[in-house]
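The block underneath contains the structure these notes are about, expressed in structure tokens.
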Amino acid sequence: MKPAGVAEFFRRLAESRPAPETELRYESPYTLLVAVVLSAQATDAGVNRATPALFAAASTPAKMVKLGEAKVRDYIKTIGLYRTKAKNIVALSKLLIERHGGEVPRQREELEALPGVGRKTANVVLNVAYGEPTIAVDTHIFRVGNRTGLARGKTPLAVELKLEKVVPKQYLQHAHHWLILHGRYTCIARKPRCFECVVRDLCAFKGKTVL
DNA sequence: ATCCCGAGGG
DNA sequence: CCCTCTGGAT
């Protein structure tokens, strides 16, 4: 996609959603981190069903460690990959206490050193909790980038680096959420709603759907 | 490449 | 039934 097309692409997404936000429920950098860890291969709606009770029981690393893996597991059993996630949440909470005074670090390397936290999760925390202009490439953004021709790549990292190059600076801060929401509600995986898409004419995929 | 793994949609 | 959902570690 040409630079002028990319700028127009984001101008329209920005117009349709002036103040995009995450749909995950959270109350602090720590609860955001836990919610994002839980959201791997799971829907935000599903995560939001489980987290209110979990955070009522433990909203800090110390309380989470005290709660323990078995009880954490019970709170999140309705979410996919729950055994691994329960283990990681308790382990990363211990590390936050040992290495970071119970705070969520602001450095990518320190975030990615936590169990269950990879590049994508670190990017979400940096963007949402700390206002960094990072773009976390998840299943939605990977699909939207490749399908539309906005930013193509074989891996999420390739798409992320390409997006950082082509997205105009003024849109970098919120590009992550604009693309996610576009993917979730319009550029849907199985049945894209091209008939109501505001960037249809800029998209490489246009015309390939049967509505 | 494979494992972890529940809920909802089509 | 099969696919998808804000992946990460081995």
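Keep in mind that what you see is a predicted model, and the values were worked out from it rather than measured. Just so it is clear, the values below take in all heavy atoms, side chains as well, and ignore hydrogens, waters and symmetry mates. Reminder, nothing fancy here: chain letters follow the sequence lines and each chain counts from 1.
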Exercise. How about Glu27(A): does its CD atom have over 12 heavy atoms from other parts shown lying under 6.0 Å from it?
Worked result: yes
For this session: Mark yes when over 12 heavy atoms from residues, nucleotides or ligands other than Glu196(A) sit less than 6.0 Å from its CD; otherwise mark no.
Result: yes
What is the distance, rounded to the nearest whole Å, between atom [atom1] of [X] and atom [atom2] of [N]?
X	N	atom1	atom2	result
Tyr185(A)	dT4(C)	OH	P	18 Å
Ile141(A)	dT4(C)	CD1	P	18 Å
Leu38(A)	dC4(B)	CG	P	19 Å
Asp138(A)	dT4(C)	CG	P	14 Å
Glu112(A)	dG7(C)	CD	P	15 Å

Seminar exercise, completed: The side-chain contact (heavy atoms from CB on, under 4.5 Å) partner of Thr134(A) among Asn123(A), Val128(A), Val124(A), Val125(A) is Asn123(A)
Problem set entry | Identified side-chain contact (heavy atoms from CB on, under 4.5 Å) partner of Val104(A) from the options Leu92(A), Leu111(A), Leu126(A), Leu32(A) | Leu111(A)
Exercise. Taking DNA chain B as the partner, which of residues 70-93 of chain A come within under 4.0 angstrom of it by heavy atom?
Worked result: Lys77(A), Thr78(A), Ile79(A), Gly80(A), Leu81(A), Tyr82(A), Arg83(A)
Under 4.0 Å between a side-chain N/O of [X] and OP1 or OP2 of [N], yes or no?
X	N	result
Gln41(A)	dC5(B)	no
Arg143(A)	dC5(C)	yes
Thr139(A)	dC5(C)	yes

Would you give the length of the straight line joining atom [atom1] of [X] to atom [atom2] of [Y], rounded to the nearest 0.5 angstrom?
X	Y	atom1	atom2	value
Leu179(A)	Ile141(A)	CG	CD1	5.0 Å
Leu181(A)	His176(A)	CG	NE2	8.5 Å
Arg17(A)	Tyr185(A)	CZ	OH	7.0 Å

Exercise. Do Val90(A) and Tyr82(A) share a hydrophobic cluster (ILVMFWY, side-chain heavy atoms under 4.5 Å, transitive)?
Worked result: yes
For this session: Evaluate the salt bridge (charged side-chain N to carboxylate O under 4.0 Å, His left out) criterion for residues Glu132(A) and Arg108(A): first the C-alpha distance (whole Å), next the side-chain angles of each, then the deciding distance (0.1 Å), finally the verdict.
Result: CA-CA 11 Å; Glu132(A) 301 284 339; Arg108(A) 166 189 304 288; over 6 Å; no
For this session: Describe, in one word, how the ring planes of Tyr171(A) and Trp178(A) are oriented to each other, choosing from parallel (under 30°), tilted (30 to 60°) and perpendicular (over 60°).
Result: perpendicular
At under 4.0 Å between heavy atoms, what does [X] touch on the DNA or RNA strands: base, sugar-phosphate, or nothing?
X	answer
Val137(A)	nothing
Gly46(A)	nothing
Thr121(A)	sugar-phosphate
Ala189(A)	sugar-phosphate

Exercise. Starting at the 5' end of DNA chain C and moving along, which residue's nearest nucleotide shows up first, Ala113(A) or Glu21(A)?
Worked result: Glu21(A)
Exercise. Taking DNA chain C as the partner, which of residues 169-182 of chain A come within under 4.0 angstrom of it by heavy atom?
Worked result: His176(A), His177(A), Ile180(A)
Between protein and nucleotides 8-10 of chain B, what N or O pairs are separated by less than 3.5 Å?
{"residue": "dG8(B)", "atom": "N2", "partner": "Arg190(A)", "partner atom": "NH2", "Å": "3.4"}
{"residue": "dG9(B)", "atom": "N2", "partner": "Arg190(A)", "partner atom": "NH1", "Å": "2.7"}
{"residue": "dG9(B)", "atom": "N2", "partner": "Arg190(A)", "partner atom": "NH2", "Å": "3.1"}
{"residue": "dG9(B)", "atom": "N3", "partner": "Arg190(A)", "partner atom": "NH2", "Å": "3.4"}

For this session: Say whether, by atom type as modelled, one donor and one acceptor occur between the side chain of Lys85(A) and the main chain of Leu38(A) under 3.5 angstrom.
Result: yes
For this session: Would you please say whether a donor-acceptor pair under 3.5 Å links the side chains of Ser93(A) and Tyr30(A)?
Result: yes
Problem set entry | Pairwise P distance, dG8(C) and dA7(B) [rounded to whole Å] | 22 Å
